[in-house]
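Chain identifiers are assigned alphabetically (A, B, ...) following the order of the sequence lines, protein sequences preceding nucleic acid strands; residue numbering begins at 1 within each chain.
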Amino acid sequence: MSRAPRPLPPSFYQRPTEDVARDLLGRDLWRRLPGGEIAGGRIVEAEAYFGPDDPASHAYRRTLRSEIMYGPAGIAYIYFTYGMHYCLNVVCEPEGTAGAVLIRALEPRRGLAAMAARRGAAAIDGRGRPRSEAICSGPGKLTQALAIDHCLNGAPLQGPEIWLATGEEPVPDVLMDVTPRIGIRRGRDRLARFIVRDNPCLSR
DNA sequence: GTGACGATAATCT
DNA sequence: GATTATCGTCACA
């Protein structure tokens, strides 16, 4: 007996950010692309960002941009950075407490050709086949592959444009690893990056 | 295989 | 005016 895949409910996200980040490994992220096709895959890398005590977090200071991290859980926080890239976060914690998880990498499972086409030459091999380890192996890559931009900032994560689901392939505890976060200057000491060890689709 | 570097614009001081 | 939760390309080994 198979259950229809159902989106993770807001209560999933209304917990300590670190718990959500760890629990997101192995879950599926799906996106209805502008053409209507469903694309996405399995989360293999995620980072937790906290509140006023975390200098790496946008919520270190409460500003117009970071206000969304203080809001209700279960919605998307998408920001633009380096003049070029979007990054996808999921807002966590009860309303009033800041926290979000940055989705950093997916193992592509569906819509590979469409995602690879959006990513360009770097995601296609010599024979024109999608390179699965190059499609969603980074926070900027996966938003490009899935057509995620500022228009989805604040969108609910229960669909229909974007949603997360239980996942068909859970991650065994022995394959989960924790490391410092990537690409930050302050807050490097904190172990808040969660990965599926040795997965070929991790970011660099 | 590694490391340096430029692109490019929103956000904040 | 400085900074940035990134990526692809280019040297060089």
At 4.0 Å (heavy atoms only), tell me whether [X] reaches a base, stays on the sugar-phosphate, or touches nothing.
X        : value
A/Gly140 : sugar-phosphate
A/Tyr49  : base
A/Arg104 : sugar-phosphate
A/Arg119 : sugar-phosphate
A/Leu102 : base

When you measure from the side-chain N and O atoms of [X] to the phosphate of [N], is any distance below 4.0 Å, counting only OP1 and OP2?
X        : N      : result
A/His58  : B/dT11 : no
A/Thr63  : B/dC12 : yes
A/Arg186 : C/dT4  : yes

Tell me which nucleotide among [options] gets nearest to the side chain of [X].
X        : options              : answer
A/Tyr82  : C/dG8, C/dC7, C/dT4  : C/dT4
A/Thr81  : C/dG8, B/dA9, C/dT4  : C/dT4
A/Ser57  : C/dG8, B/dC12, C/dA5 : C/dA5
A/Leu64  : C/dA5, C/dG8, B/dC12 : B/dC12
A/Arg185 : B/dA10, C/dA5, C/dT4 : C/dT4
A/Arg65  : B/dC12, C/dC7, C/dT6 : B/dC12

Nucleotide [N], atom [atom2] - distance to [atom1] of [X] in whole Å:
X        : N      : atom1 : atom2 : answer
A/Arg181 : C/dT6  : CZ    : C1'   : 17 Å
A/Arg61  : C/dT4  : CZ    : C1'   : 14 Å
A/His150 : B/dA9  : NE2   : C1'   : 12 Å
A/Asp149 : B/dA10 : CG    : P     : 13 Å
A/Leu202 : C/dC7  : CG    : P     : 13 Å
A/Ile103 : C/dT6  : CD1   : P     : 14 Å
A/Arg188 : C/dA5  : CZ    : C1'   : 13 Å
A/Met84  : C/dT6  : CE    : P     : 12 Å

No-H, no-angle donor-acceptor pair, A/Tyr79 side chain to B/dA10 base, under 3.5 Å: no
Of A/Ala121 and A/Ile182, the one whose closest DNA chain C nucleotide lies more 5': A/Ile182
Under 3.5 Å: donor-acceptor pair, side chain of A/Thr143, backbone of A/Tyr86: yes
Whether A/Ser137 side chain and A/Ser203 backbone form a donor-acceptor pair below 3.5 Å: no
Pair A/Arg32 + A/Glu37, salt bridge at N-O below 4.0 Å: no
Connected via hydrophobic side-chain network under 4.5 Å: A/Leu157 and A/Leu24: yes
Pair A/His58 + A/Tyr79: ring centers closer than 6.0 Å: yes
Nearest-0.5 Å distance that lies between atom OG1 in A/Thr17 and atom CG in A/Asp54: 9.5 Å
Identified pairing partner of B/dA10, criterion: Watson-Crick or G-U wobble below 3.5 Å: C/dT3
